[in-house]
Structures are given as C-alpha cells and as structure tokens.
Protein chains: 2
Amino acid sequence: MNLRAIKPPHETRTRILDAAEELFMQHGFEATSMRQLTAQAGANLAAVNYHFGSKDALIEAVFRRRLDAMNAARIAELDRMEKDAGARALSPRQIIGAFVGVSLRMIEDSKSGGRNFIRLLGRTYSDPQKPIRALIGQLYAPAMERFKAAFERALPQMPRDELIWRMHFMFGTLAYTLAATDTVQLIAGCKPEDRYDARLLEARLTAFLHAGLLAPLHDSADVKKAA
Amino acid sequence: MNLRAIKPPHETRTRILDAAEELFMQHGFEATSMRQLTAQAGANLAAVNYHFGSKDALIEAVFRRRLDAMNAARIAELDRMEKDAGARALSPRQIIGAFVGVSLRMIEDSKSGGRNFIRLLGRTYSDPQKPIRALIGQLYAPAMERFKAAFERALPQMPRDELIWRMHFMFGTLAYTLAATDTVQLIAGCKPEDRYDARLLEARLTAFLHAGLLAPLHDSADVKKAA
DNA sequence: GTCTATATGTGGATAGAC
DNA sequence: GTCTATCCACATATAGAC
C-alpha cells in the first residue's frame with residue numbers, strides 16, 4: 001500500500017544492515033565506504049547517519065543484531081542438554097556440539113544473510129582495531145563464561161590454565177575456519193561440493209576439536225624446568 | 001661519522017619496513033597512513049614512494065622481507081629431519097614441530113621485530129582484501145606443498161581430503177593463536193607470566209594440534225547419507 | 001524519513017628544489 | 001636521497017529543502 005513496496009522488501013534500516021554485513025565481510029570495515037554501502041542498500045547516503053548516527057555505530061549495530069541471539073541460542077542449547085542429562089555431567093563432545101553447531105548452521109542459511117555474518121565474525125576476531133575487538137569481547141563474554149563452566153564440570157581433572165588455552169585454540173580454529181574456508185588456497189585441493197556442506201564440516205571440525213581438547217597433557221613441569 | 005648517527009641505526013628503507021611492520025600489526029593496513037608511518041620511521045613522507053613506489057608495494061615488501069626466510073627455514077628443518085631419519089618416515093609430531101617451531105621462536109625475538117611480524121602474519125591470514133591474501137597464499141604455497149607431502153608420507157592411511165582439512169584446522173589454530181594471544185579476553189584468566197613463554201605455548205599448541213591431526217576418523221559415510 | 005548539496009578533513013601520490 | 005609544497009580523489013558527516 002505504501003511507496004516502499006517498490007523497494008526491496010525491508011525497512012531501510014534493515015537493508016542498510018544487510019548491505020553492511022555483506023560489504024564489511026567482503027572488503028573490511030575501512031575499505032567499505034558509506035557511498036558503496038548505501039548504493040547497495042538502495043538508500044540515500046544520508047540515511048546511515050539518520051538511522052545509526054555514524055559509521056562506527058553502524059558497525060556496532062551490525063554485530064549486536066545477530067550476536068546476542070547467537071549467544072543466547074548457544075546458552076539455551078547448553079541449558080537444554082544439562083536439563084536432559086539430569087545429574088550426569090555433559091560430555092565434552094556435547095559441549096563442543098553446542099559451541100560449533102550454532103555457527104555452522106548459520107552458514108547454511110545463505111538466504112537471510114547469516115552466512116555473511118558468520119564469516120564477518122570470523123574475520124573480526126583478529127581485527128587489529130581495538131574498539132571493535134573490545135565490542136566483540138564484550139558481546140561474547142557471557143557465553144564464554146558459560147562454556148568455561150560447562151567444560152570445567154565435564155573435565156574436572158584438567159588444570160584450569162590448560163583448559164583456558166585449549167578453549168582458546170578451539171575458538172581460533174572455529175574462527176579461522178569460518179573466515180577463511182572458501183578463500184584459502186589449501187582447500188582448493190578438496191572436493192568443491194564438500195566445501196559448503198555444513199554437516200560434513202561440522203563432523204570434521206568436531207572430530208578435530210574433540211581430540212585436541214582431550215589431548216594427553218604435555219609435561220608442563222619439564223617445560224618449565226627447562227626454561 | 002655521518003649524519004645518520006642521529007637517526008635510528010638503520011637505513012631509511014629498513015626503518016620504514018620496521019615501522020610499517022609495527023603499525024600494520026597495531027592498526028591494520030588501511031588505518032595506517034603514510035604520514036604516521038614515515039613519522040615513526042623518522043623518514044620523510046615522500047620516502048615511501050621513492051623507495052617502494054606505493055603503499056601497496058610497501059605492504060608486499062614487508063611480507064617478502066621475512067616470509068621467504070621463514071618458509072625456507074621450515075623447509076630446511078623438514079629436510080634435515082628427513083635426512084636424519086634415513087628410510088624411516090617422520091612422525092607427525094616432528095612435522096608439526098617444524099611447522100609451529102619457526103613461528104613460535106620468532107615470537108620470543110622481540111628485539112628484532114620478529115614478534116611484530118609474526119602477529120601481523122596471523123592477522124593477515126584472514127584479511128578481507130583479496131590482493132593481500134593472494135600475496136600471502138603465493139608466498140606460502142611452496143612450504144605448504146612440502147608439508148602436505150610430508151604429512152602424506154607420515155599418514156599414508158589418512159584420506160587426502162581429510163588431511164587437507166586437518167591441515168587447514170591446524171593452520172588456523174596457529175594463525176589465530178599468533179594473532180590474538182595477547183589480546184583476547186579469555187586468556188586474561190591465565191597466568192600472565194605464561195603468556196609470552198614461547199616454550200610453554202609450543203608444548204601446549206603441539207599437544208593440541210597433534211591430537212587433532214590424529215583424531216579418529218568421523219564416519220563421513222553416515223554424514224553423507226544423512227545429507 | 002528522504003533527498004541534494006556541501007562542509008571539512010584526510011588519504012596517497014607527485015613535482016621539483018636542494 | 002631527501003625535502004617542501006601541493007594536487008586531487010574520496011572519506012565522513014551535516015544543513016536544510018522537501
């Protein structure tokens with residue numbers, strides 16, 4: 001009924017967020033100009049400042065839109081599994097499943113832009129810009145604490161600092177995999193039809209992470225003595 | 001004896017490369033301006049274009065300066081180990097050692113800027129800009145092929161595509177660890193004195209990667225059937 | 001809410017003296 | 001090789017009409 005029916009079927013605000021998600025993922029934050037962005041969104045240049053206030057605020061909005069829901073989903077899955085398990089502790093594999101499953105399922109969701117966001121997120125974990133990393137860290141902190149607690153219950157015999165490092169490694173593997181899977185040359189050697197098969201990737205990734213998490217402890221006493 | 005004694009003790013060209021390494025690592029490529037960069041190097045703004053031709057060429061020079069030597073060192077270590085082993089195949093652990101050892105030893109070398117470079121490298125693996133990734137991929141390709149061949153000899157029973165993915169995961173873990181170790185909030189929980197202990201980090205990382213590489217094969221037939 | 005026009009700053013790059 | 005001064009493109013952001 002209104003004039004907006006001519007434009008793509010979203011609010012301007014949403015179209016800008018979608019365009020930003022895609023362009024930030026493709027070119028990075030700095031290399032994406034408001035002109036490109038608003039052109040792709042079918043919006044006016046001034047619309048970004050009207051709706052978000054500034055480019056930095058837009059970046060923040062892009063992450064807030066999806067990250068809260070994502071982390072809530074992860075935590076809800078942990079909660080559900082713990083309820084099912086009753087008094088028994090969750091297995092490490094279950095926890096890993098909750099950790100990677102949400103991300104990987106979003107990758108299959110190419111229609112709604114979830115894939116763009118997931119890959120953007122993977123890239124941003126290692127973004128050099130301090131305010132951006134601080135934002136991500138802040139949005140992630142609650143889920144991180146929740147997963148740390150779950151792993152501590154599942155692996156009571158593992159030293160705390162070792163667990164933290166192994167979580168760090170797992171997180172890195174996931175982030176890098178999400179960010180670089182379709183671009184790194186190494187992967188050119190694998191079958192193309194497997195590249196976007198999230199189910200297969202999840203099986204591969206889970207096997208790798210699970211083994212790494214449960215790796216025999218190195219003799220850190222030896223290492224420290226030698227140092 | 002000459003006037004340069006007043007300036008830092010290097011050629012202008014070298015000082016520019018050092019400053020670029022540090023600033024690119026701290027702020028990224030786009031966010032680092034030639035003005036900042038030349039100021040830090042104690043050089044004139046025009047010097048970058050005189051010595052390198054353009055900012056992009058400078059970026060390329062920063063990587064070329066160290067990456068060729070790094071990969072040559074990795075390959076040399078593989079060669080040496082294979083010679084020592086004679087007819088026996090190398091163990092996966094030895095190959096991993098050659099892979100991560102070179103990077104991690106450079107992290108301890110804070111004096112000569114090696115640490116800056118290593119962290120810059122970790123960040124750049126997931127840089128969104130195509131030409132930069134292409135450059136890295138090109139500089140890395142020979143070493144990658146060499147390591148792939150070594151792993152194939154060490155693990156003849158592992159399917160090729162599974163090996164490629166596991167190398168990808170290992171590479172990602174290393175890259176992310178190098179890039180984000182001192183900044184990610186998660187790590188704030190660990191003992192500060194351990195954070196830069198390369199020997200300890202190497203032990204932790206090697207244990208994780210080794211276990212991941214040798215993880216039991218997931219039943220990919222099941223996964224494919226279900227898909 | 002959306003548009004045009006513009007203010008204001010900064011970027012990379014270069015010309016030409018020294 | 002190094003410097004100053006400058007060109008020019010493009011960035012973000014805003015003012016003010018519609």
Whole angstrom value for the distance that separates [atom2] of [N] from [atom1] of [X]:
X: F29(A); N: dA11(D); atom1: CZ; atom2: P; result: 17 Å
X: N49(B); N: dC3(D); atom1: CG; atom2: P; result: 14 Å
X: R35(B); N: dT14(C); atom1: CZ; atom2: P; result: 14 Å
X: N44(A); N: dA13(D); atom1: CG; atom2: P; result: 15 Å
X: L37(B); N: dG11(C); atom1: CG; atom2: P; result: 12 Å
X: I16(B); N: dG1(D); atom1: CD1; atom2: C1'; result: 11 Å
X: Y50(A); N: dA13(D); atom1: OH; atom2: C1'; result: 16 Å
X: I59(B); N: dA13(C); atom1: CD1; atom2: P; result: 10 Å

- [ ] Please tell me which of A46(A) and A31(A) maps to the more 5' nucleotide of DNA chain D, matching each residue to the nucleotide holding its nearest heavy atom.
- [x] A31(A)
Open item on the list: Both A47(B) and K55(A) contact DNA chain D. Taking the nearest nucleotide for each, which residue is further toward the 5' end?
Closed with: A47(B)
- [ ] Using only side-chain N and O atoms of S33(A), determine if any of them is under 4.0 Å from OP1 or OP2 of dC10(D).
- [x] no
- [ ] For dT2(D), take OP1 and OP2 only and decide whether either is under 4.0 Å from a side-chain N or O of T12(B).
- [x] yes
- [ ] Could you label the plane-to-plane angle of the F171(B) and F99(B) rings as parallel, tilted or perpendicular, counting under 30° as parallel and over 60° as perpendicular?
- [x] tilted
Task: Non-hydrogen side-chain atoms of M167(B) and F151(B) separated by less than 4.5 Å - done: yes
Task: Minimum side-chain heavy-atom gap E60(B)-F52(B) below 4.5 Å - done: no
Open item on the list: Please determine whether side-chain contact (heavy atoms from CB on, under 4.5 Å) holds for the pair Q129(A) and E30(A), giving the CA-CA distance in whole Å, both sets of side-chain angles, and the decisive distance to 0.1 Å.
Closed with: CA-CA 10 Å; Q129(A) 312 249 18; E30(A) 304 251 353; 2.5 Å; yes
Task: Sugar-phosphate only, base, or nothing, as touched by T38(A) at under 4.0 Å among non-hydrogen atoms - done: nothing
Open item on the list: Regarding R74(B) and D79(B), does a basic nitrogen lie under 4.0 Å from an acidic carboxylate oxygen?
Closed with: no
Open item on the list: Taking the nucleotide of DNA chain C with the nearest heavy atom to each, does S54(B) or L45(A) sit closer to the 5' end?
Closed with: L45(A)
